[in-house]
Amino acid sequence: MPQRAFTLAESVDDLKHAMTRLAGRPLLALDLETEGLDPHIHKVVLLTVGDDREQLLVDCRKVSLEPLRPLLEGPVPKVTHNGAFDVAMLRAHDISVENVLDTMLNEQLIENGRGRQSLSLASLSERYLGLELDKSERTGFARTSGGFTPAQIEYARRDVLATYQVLLEQTPRLAQEGLQETARLEAEALPAFADLRYDGVYLDQPGWLALVEEAKLNQDQARAELDEMFKDVVSTDLFGQVTLNYESDVDLKDALGRLCHRRLREVNKAALRGLGHPVGGVLLRYREMSKIVGTYGESFLQAIHPKTGRIHADFRQIGAPTGRVACANPNLQNIPRGSRFRQCFSGPPGRRMVTADYAGCELRILAELSGDEAFVRTFNKGGDLHSIVASEIFGKSVSKSRYPELRSRAKAINFGLAYGMGAGGLAAVTGLQPVEAERLLSRYFRSYPKVRQYLEDSAALALRRGFSRTIGGRKLYLRVEEDQKTRAAQARVAKNMPIQGTNADMLKISMTSVRKRLRREGLQAMIVNCVHDEILVEAPEGDAWDVSEIVREEMVAAGERYIKRVPVVVDVSVGDSWQK
DNA sequence: ATCTGTGGCGCG
DNA sequence: AAAGCGCGCCACAGAT
């Protein structure tokens with residue numbers, strides 16, 4: 001239990017007095033107790049800031065946080081646990097916390113791939129400090145009126161103390177593991193993710209609803225066609241209605257077996273396409289509509305926040321072990337592309353959307369990593385990459401219109417490469433015979449020998465050392481096992497991680513710098529979505545073109561931190577909505 | 001009633 | 001059919 005001094009500030013004078021002592025500290029821990037989890041509804045009840053010598057507790061219902069602003073917004077590093085929450089909460093109090101460290105993100109980096117240990121502060125406290133944290137006081141703060149109980153005060157102090165001390169333990173480990181650069185990158189990006197969540201994204205509600213209704217009609221029509229086709233081979237109810245549930249794979253396989261006289265092991269897209277019966281196409285159409293109605297339907301409209309009128313999705317800064325961001329509730333990273341759904345992500349009146357994405361990002365990273373001269377040359381030439389590669393390996397001039405099938409084969413290899421695809425996979429994608437696929441792959445690698453060399457070496461090294469890294473040093477530990485199949489799978493992960501992970505690193509750096517530039521230049525623009533190699537920014541109508549140039553510059557600069565041998569290209573567009 | 005795993009599918 | 005990395009969501013199936 002902490003024996004050191006603390007101050008409970010119940011007046012501005014208390015606060016100012018305590019501030020003078022804290023302001024000179026090199027590192028502070030920060031933690032909030034709140035009424036709930038939604039920064040647009042719930043308020044901060046208690047703010048605790050301090051180190052292992054002294055903590056300051058601020059009763060936010062009685063005292064303005066204004067005197068703390070210089071400290072919170074200033075350069076003194078504040079360590080938190082899951083700081084994106086605290087930073088978002090404080091934005092509702094009009095405070096933009098800067099220079100935040102995060103013990104949760106640190107832990108994710110340190111343990112990346114080593115297993116799914118809990119990331120809670122209580123677990124870290126036990127693991128690093130041998131200290132048990134009892135969380136039973138936490139829920140009490142929402143209902144607290146009047147003063148805090150001694151137990152509540154003790155609880156708040158203890159959390160800050162634990163956070164502070166966990167960071168002290170993590171810091172040398174990050175250094176030992178060579179993870180300082182990555183930890184810094186993540187810490188700097190944290191406010192961008194807090195803002196992303198807090199600001200949310202606007203959705204054209206009537207437009208979205210219209211698309212869903214249309215899909216429902218199409219779904220009904222497809223279902224009617226299916227009923228007609230199946231009516232003689234499945235059971236019907238009293239009214240002669242087909243009772244087959246098209247969502248049930250088990251029932252569907254049975255019914256298809258009777259209708260087509262073929263027993264399918266799986267009923268996915270490929271299987272239905274290869275069915276050789278008209279019912280396959282109708283089922284695919286039905287599925288497509290079901291997907292829209294189910295996944296992209298009303299749930300998105302329900303996600304619109306009653307107060308802000310926007311969708312505040314849950315972005316997970318380290319959502320995948322490669323370092324990629326993930327998003328949920330709802331997932332804004334899998335909106336159908338080339339459809340009218342993306343058009344519904346527009347700006348509210350008076351605002352425009354800037355869409356910016358890295359062109360051919362993963363392949364450029366592969367060029368960088370492998371250093372293959374011919375591969376590097378293809379990027380330096382400019383023009384259509386897949387065509388150039390196809391021309392190179394097939395020895396004739398290929399373009400989108402001349403020999404398009406050769407171009408699409410080259411494209412299949414290009415995309416498969418970063419995943420560690422083999423000849424078998426290539427055969428399946430292209431429809432070539434395995435022998436031909438084998439030949440094609442070896443032609444490819446004859447043109448780009450160092451690409452193969454790099455991929456093989458990188459996987460072998462990772463399996464030997466037990467981890468894989470991005471260019472920036474992010475680490476993924478591999479549980480290397482004896483079994484041949486899992487070893488092969490691990491090798492593919494090892495080939496992919498430096499590529500996917502470096503891409504993620506670039507995107508996070510660019511989000512950090514885009515945010516910084518927009519703020520510095522006083523622009524009322526904000527990042528509203530990020531999708532792996534793409535950033536979506538909402539900007540005032542009059543500033544949209546300036547913003548698009550800023551976004552491009554910062555994304556290019558972020559890319560050039562890791563990609564030096566080939567140009568970094570960012571495609572930018574300004575429009576009424578999200579476009580790709 | 002509620003949880004967990006799986007197949008399928010949307011995105012990069 | 002599978003194939004070739006990463007994610008989340010839906011619906012179903014089977015268990016609790």
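Just so it is clear, the model here is predicted, and its values are computed rather than measured. Residue numbering restarts at 1 for every chain, and letters A, B, ... go by the order of the sequence lines. Only this structure's heavy atoms are used, side chains among them; waters, hydrogens and symmetry mates stay out.
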Task: Separation of the C1' atoms in B:dG8 and C:dA1, to the nearest angstrom - done: 15 Å

- [ ] Taking only heavy atoms on the protein side, list every residue of residues 195-213 of chain A lying under 4.0 Å from any atom of DNA chain B, sorted numerically.
- [x] none

- [ ] Determine the contact category for A:Gln500: base if any of its heavy atoms lies under 4.0 Å from a base atom, sugar-phosphate if only primed atoms, P, OP1 or OP2 are that close, otherwise nothing.
- [x] base

Task: Pair A:Ser290-A:Gln219, side-chain donor/acceptor within less than 3.5 Å - done: yes

Open item on the list: Could you check whether A:Asp571 and A:Tyr358, counting side-chain N and O atoms only, form a donor-acceptor pair closer than 3.5 Å?
Closed with: no

Open item on the list: For a quick check of understanding: with a heavy-atom distance under 4.0 Å over all strands, which category does A:Gly294 fall into, base, sugar-phosphate or nothing?
Closed with: sugar-phosphate

Open item on the list: Under the salt bridge (charged side-chain N to carboxylate O under 4.0 Å, His left out) test against A:Lys508, which residue among A:Glu186, A:Glu188, A:Glu181 passes?
Closed with: A:Glu186

Open item on the list: Need one value for A:Lys269: base, sugar-phosphate or nothing, where a base atom within 4.0 Å counts as base even if backbone is also close, heavy atoms only.
Closed with: sugar-phosphate

- [ ] Could you provide the dot-bracket string of DNA chain C, using ( ) for intrastrand pairs, [ ] for crossing pairs and | for bases paired to another strand, with Watson-Crick or G-U pairs below 3.5 Å?
- [x] ....||||||||||||

TODO: Check every atom of C:dG8, B:dG12, C:dA13 against the side chain of A:His532 and return the nucleotide holding the closest atom.
DONE: B:dG12

- [ ] Look at all strands and tell whether A:Ala418 reaches a base, only sugar-phosphate, or nothing, counting heavy atoms closer than 4.0 Å.
- [x] nothing

Open item on the list: Any base atoms under 4.0 Å from A:Gly422, or only sugar-phosphate, or nothing? Heavy atoms, all strands.
Closed with: sugar-phosphate

Open item on the list: Any base atoms under 4.0 Å from A:Cys361, or only sugar-phosphate, or nothing? Heavy atoms, all strands.
Closed with: nothing

Open item on the list: Using a heavy-atom cut-off of 4.0 Å across all strands, would you classify A:Gly424 as base, sugar-phosphate, or nothing?
Closed with: nothing

- [ ] Identify whether any heavy atom of A:Val325 sits under 4.0 Å from a base atom; if not, whether one sits that close to sugar-phosphate; answer base, sugar-phosphate or nothing.
- [x] nothing

TODO: Answer with base, sugar-phosphate or nothing: what part of the nucleic acid does A:Asn329 contact at a heavy-atom distance below 4.0 Å?
DONE: sugar-phosphate

Open item on the list: Between the base of B:dG10 and the side chain of A:Asn334, is one N or O donor paired with an acceptor at under 3.5 angstrom?
Closed with: yes

Open item on the list: Can you classify the ring geometry of A:Trp578 versus A:Phe345 as parallel (below 30°), tilted (30 to 60°) or perpendicular (above 60°)?
Closed with: perpendicular

Open item on the list: Taking donor-acceptor contacts at under 3.5 Å, does the side chain of A:Gln333 reach the base of C:dC7?
Closed with: no

Open item on the list: When you compare the side chain of A:Phe415 with that of A:Val429, does any pair of heavy atoms fall below 4.5 Å?
Closed with: no

Open item on the list: Classify A:Leu417 by what it touches in the nucleic acid, base, sugar-phosphate, or nothing, heavy-atom distance under 4.0 Å.
Closed with: nothing

Open item on the list: Restricting to side chain to side chain contact (heavy atoms under 4.5 Å, CB included), what partner residues turn up for A:Ser442, sequence neighbours left out?
Closed with: A:Arg446

Task: Ring-face cation contact, A:Tyr477 with A:Arg114, 6.0 Å cut, 45° max - done: yes

Task: A:Tyr419 and A:Gln500 side chains, donor-acceptor separation under 3.5 Å - done: no

Open item on the list: Is it the case that C:dG6 (base atoms only) and A:Arg324 (side chain only) share a donor and an acceptor within less than 3.5 Å, ignoring hydrogens and angles?
Closed with: yes

Open item on the list: I need the single residue from A:Arg469, A:Arg474, A:Arg561, A:Lys475 that forms a salt bridge (charged side-chain N to carboxylate O under 4.0 Å, His left out) with A:Asp505. Which is it?
Closed with: A:Arg474

